[in-house]
Engineer: 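Pasting a structure here, questions to come.
Source: prediction; values computed, not measured. We use all heavy atoms of the structure for the numbers below, so side chains are in, but hydrogens, waters and symmetry mates are not. Note on naming: letters A, B, ... go to the chains in the order of the sequence lines (proteins, then strands), and numbering restarts at 1 for each one.
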Amino acid sequence: MNEPIVRIQSITKQYKGSSQPAINDLSLQILPGSVFGLLGPNGAGKSTLVMMLCGLMRPDTGSIHLLGMDTKEKGAAIRKRIGVAPQEIALFPTLTAMENLVYFGKMYGLDIHTINKRIADHLEIFGLADKSHKRVHTFSGGMKRRLNLIAALLHDPGLLILDEPTAGVDTQSRNILLDFLISLKEKNISIIYSSHLLEEAEKICTHIAIIDEGRLVTEGVPAALIEKHADCPSLESLFLKLTGKHIRD
Amino acid sequence: MKIIATIRKESLLLIRDPGGMALIFLMPLGLVIVMALIQDAPFRDYQETKLEVVFVDNDKDSLGKKIQNVFLQSPNIEFVQESDSNKARSVVRSGKYKAAIIIPAGASESLRKKNKQLIARIFANLGYPGASNDSTELPTANILVLFDPAIKINYKQALASAVEKVIANVESEWIVDQLQNQLRGNNSSKEKMKVDFSGVINVQQQYASKHTNENMVLNSVQHNVPAWTMFAMFFILFPLAGNFIKEREEGSMLRLRLISGSQFPVMAGKFLFYFGICLLQFMLMILVGIFIMPLLNLPQLGLGNNIIGILLTACSVAMAATGYGLLIAVFFRTPQQALSFGSISVVILAALGGVWVPVYVMPEMLQGISRFSPLNWGLESFNNLFLRDASTLTILPDVLKLIVFAMITLSISIFIHKSRTIS
Ligand SMILES: Nc1ncnc2c1ncn2[C@@H]1O[C@H](COP(=O)(O)OP(=O)(O)O)[C@@H](O)[C@H]1O
Ligand SMILES: [Mg+2]
C-alpha cells in the first residue's frame, strides 16, 4: 500500500475568543490518487482544516503531514508542491484575468513561456479565453471561481486542495469544473475537495469524510458507506442522518 | 524578477485607482498652489513688504529734508507726501496707512536755536569771551510719529528708531557746525568744514549664506513647496494602506501567501514602488515651484547648489514616508481605521513639523515638540539646502534620522506582517 499523502493526527484548533474548537481531535489519512471529499454543513470546520493543511494556520495540538513533510516546519516547501483554491476569491479585482494569472505565475517563479502556455491552456478549458483581458470585478461568480481555480493550477501541483469550488456557481460552470476534476483524477493528481453539496461528491469522490462541529463523523468509500447504512439510499440521506437536521448558521 | 512583477502589479493597481492617483498627484499640486498664494501676503508682510508712511513736512527746512533723504534710500519704506497733519492723523487712525511722521513748522529752526544756546552756554562756562550764558527755556520741537495700533511691533520699533537716528545725526552735524562758528569767532576768513556723521560707522547687513541669491529668503514659495511636498509624500500612505488592506480583505493576499514561503518580494516590491512614487511626487512639486509659481506672480523656487544633498534628502524622506505607510497598512485591520488614523496622524505630524506655518513662528514649547516630527527633519533639511545652501554634512543628521525612522517602521511592519501570515 502507498504512503498516505496527507496524515492528520488528532489535531485541535480553537479560534481566539471562541468558546468551541473549530476542529476537535480530528485524525484522517488520505491516499495518493484519490479524490477526497471533505463534507460537512456550514461551520463544520472544513475551511479551517484546509488552512491548516496548507500550513497557513497551525493546529493547537496534534500534527499534519503533507507529502511526508510536517506543515509546521516545511510550510513553504509544501505550498510549492500543492495547489490551493481557497473558499474566498483570491484575485485582484481591478486586474484583468490575464494580469492576475501572469503575476501569480511569476510569483511562483515560473518563466514567462511556461506561464503563457499554462494560462492559455487553462483559460481554454474553463471557457475564459475570450474574457482574458477583462477585469476580474466585471466577472460573474462562476467565472471568478473558475479563475480562482486556474490560479491554483499554474505551477502544475501534484496535490490540489479546493475549498468549496462550486459555491455560488451555476450548473454549466459546475459541470465544466467537475469534468475537469475527473480529468485530473485520470492524470493521477490527488484532489482534496470540500463541499456541502452531496450529489457532486457522490459523482466524483473516491473517498469522503463527513465532519461536523469539528469532529470526524464518518469516512470511507461513498458506495460502501451507503451500503453500510441500509436505510440511506443516497449520500445526502446518510449525511442528514449523521449530522442531524438542525440549521447551523 | 518577483520584485519587478510586484512593482508592475502595484502600478496597474494604482493607475486603475483614480481616487488614489488624484490624492497622490493632484491634491498636493492644488494644496501647494493654493497655500503659496494664500501665504504670499503674510510672508511678504513678515519680511519684505514696503511700508507706506504718510509724511507731513510743515517745517520745510533742513530737518524735514534730511529725514526724507534718509528714508528715500530705505528699500522698505515709502513716503506718501501730505501737507495737512490732521488728515494724516485720520488716515492712520482709519488704518489706511500704518504710520505717519509729522514734522511741525519751525522744527529745524528750534533745533538750531537750542544747539546754539547749548554751545554758547558751554563756552561761557569755560570762560570764553563773548559767549552769552543765556538760560531762557526755548520751546522743544516735537516730531510726531503716529502708528496704527494694528502695526506689527517690529515695524513700529524700526520706524521710531530710524527717525531718532536721523534726528541724532542732524543734531550732531549742527553741533559741530555751531562749534566751528563759536571757535572761529570773528575770524570768518577760514572756510567751515562740512561734517557728515552718517558714514562714521557703517552697519552692513547681509544674509549669512555663502552665495547671495535673491531667492534665498524664506518666502511663500520657498516655504510651501518643500512643506507640501513632504506632506504629499507622507500622504501616499492613503493609497498604500488602502490597497494593502484591500488585498488582505479581498483575498489576493491569501493567494500570495499560498504561493510561497517568503513574503519578501511582495513587501519589497510594494516598498520600491511607493518609494518611486514619492520621488515622482517630489520632482513634480519641484517643477511646479520652478515653472508654475512664477506664472502665478509668485517668486520662483530656488534650489541652492547642493544637488547631491537634495537627492539624498528626497530619497530619505521617500523611504520614511513609505515605511510609515507600510506600518499603518499592516497595523490596522480595516481600511477605515488605517486611513483615518493615517491621515490624521500625517496632518498632525505636518502641523508640528512646520508644514502649515514655519516652525519659527510657533510657540517655544511646540518648537521643541516639532523636532520629533519626521516631516520637520525633511523640511529642515530642504530649508538648509534651498535657503542656506548647506553642505551635505550639515543635512546629514536630519537625513540619518529619516533613514533610521524608515528602517524602524519597515522592520516593525515586516515583523507584524510575518506574524500574521501564519495564525
Ligand atoms: N477567523 C475566525 N475567528 C473565529 N471563529 C472562526 C473564524 N473562522 C471560522 N470560525 C468558526 O470556526 C468554525 C468553523 O468554521 P469554518 O472552518 O469556516 O467552517 P466551514 O468551512 O466548514 O463552513 C465555525 O464555527 C466558525 O464560526
Ligand atoms: Mg468554509
Engineer: Counting neighbours of NZ on Lys74(A) that are heavy atoms of other residues, nucleotides or ligands and sit closer than 6.0 Å, is the number greater than 12?
Structural biologist: no
Engineer: Within a reach of under 6.0 Å around CG of Leu400(B), are more than 12 heavy atoms found that belong to other residues, nucleotides or ligands?
Structural biologist: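 Count over threshold, so yes.
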Engineer: Is chain B contacted by the side chain of Asn100(A), its backbone, both, or neither, given a heavy-atom distance below 4.5 Å?
Structural biologist: neither
Engineer: If you count heavy atoms of other groups shown closer than 6.0 angstrom to NZ of Lys134(A), is the number above 12?
Structural biologist: no
Engineer: Measure Thr71(A) against the heavy atoms of chain B and call it side chain, backbone, both or neither at under 4.5 Å.
Structural biologist: neither
Engineer: OH/Tyr103(A) to OG/Ser252(B) distance, rounded to the nearest 0.5 angstrom?
Structural biologist: 9.0 Å
Engineer: Specify the closest pair of heavy atoms between Gly251(B) and Ala90(A), including all atoms of both residues, with the distance to one decimal.
Structural biologist: O-CB, 3.1 Å
Engineer: Check this for me: Tyr15(A), atom OH, are more than 12 non-hydrogen atoms of other residues, nucleotides or ligands nearer than 6.0 Å?
Structural biologist: yes
Engineer: Considering only heavy atoms from C-beta outward, does the side chain of Arg135(A) approach that of Arg16(B) to under 4.5 Å?
Structural biologist: yes
Engineer: Could you walk me through whether Ile259(B) and Arg79(A) satisfy the side-chain contact (heavy atoms from CB on, under 4.5 Å) test, starting with their C-alpha distance in whole Å, then the side-chain angles of each, then the deciding distance to 0.1 Å, before giving a yes or no?
Structural biologist: CA-CA 6 Å; Ile259(B) 285 179; Arg79(A) 284 193 289 277; over 6 Å; no
Engineer: ring-ring contact (aromatic ring centres under 6.0 Å, His included) with Phe264(B): which residues, sequence neighbours excluded?
Structural biologist: none
Engineer: Kindly compute the distance separating CG (Leu95(A)) from CG (Leu13(B)), expressed to the nearest 0.5 Å.
Structural biologist: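 Atom-to-atom, Leu95(A):CG and Leu13(B):CG are 5.0 Å apart.
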Engineer: If you draw a 6.0 Å radius around CD1 in Ile369(B), do more than 12 non-hydrogen atoms from other residues or ligands fall strictly inside?
Structural biologist: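 Atom CD1 in Ile369(B) is packed in, count exceeds 12.
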Engineer: With a 4.5 Å heavy-atom cut-off, do Thr94(A) and Asp17(B) have their side chains touching?
Structural biologist: no
Engineer: Answer yes or no: does atom CD of Gln20(A) have more than 12 heavy-atom neighbours from other residues, nucleotides or ligands under 6.0 Å?
Structural biologist: no
Engineer: Quick check for you: among Gly109(A), Ala85(A), Ala77(A), Pro86(A), which has the greatest number of heavy-atom pairs under 4.5 Å with chain B?
Structural biologist: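 Heavy-atom pair counts peak at Pro86(A).
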Engineer: Counting only heavy atoms not in Arg81(A) (residues, nucleotides, ligands), do more than 12 fall under 6.0 Å from its CZ?
Structural biologist: no
Engineer: Working to the nearest 0.5 Å, report the span between CG of Leu256(B) and CE of Met107(A).
Structural biologist: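 Nearest 0.5 Å value for the CG-CE distance: 6.0 Å.
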Engineer: Could you tell me if the side chain of Phe92(A) sits less than 4.5 Å from the side chain of Asn243(B), heavy atoms only?
Structural biologist: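 No, their side chains stay 4.5 Å or more apart.
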Engineer: Flag yes if more than 12 heavy atoms outside Glu124(A) fall under 6.0 Å of its CD atom; otherwise flag no.
Structural biologist: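 Counting neighbours around CD of Glu124(A), 12 or fewer heavy atoms of other residues, nucleotides or ligands fall under 6.0 Å, so no.
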Engineer: Which bit of Glu250(B) comes within less than 4.5 Å of chain A, counting heavy atoms only: side chain, backbone, both or neither?
Structural biologist: both
Engineer: Is the shortest heavy-atom distance from the side chain of Lys106(A) to the side chain of Met1(B) under 4.5 Å?
Structural biologist: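 Side-chain contact under 4.5 Å: yes.
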Engineer: Is there a side-chain contact between Arg255(B) and Leu91(A), using heavy atoms and a 4.5 Å cut-off?
Structural biologist: no
Engineer: Hey, does Met51(A) have a side-chain heavy atom less than 4.5 Å from the side chain of Leu254(B)?
Structural biologist: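 Leu254(B) vs Met51(A): side chains touch.
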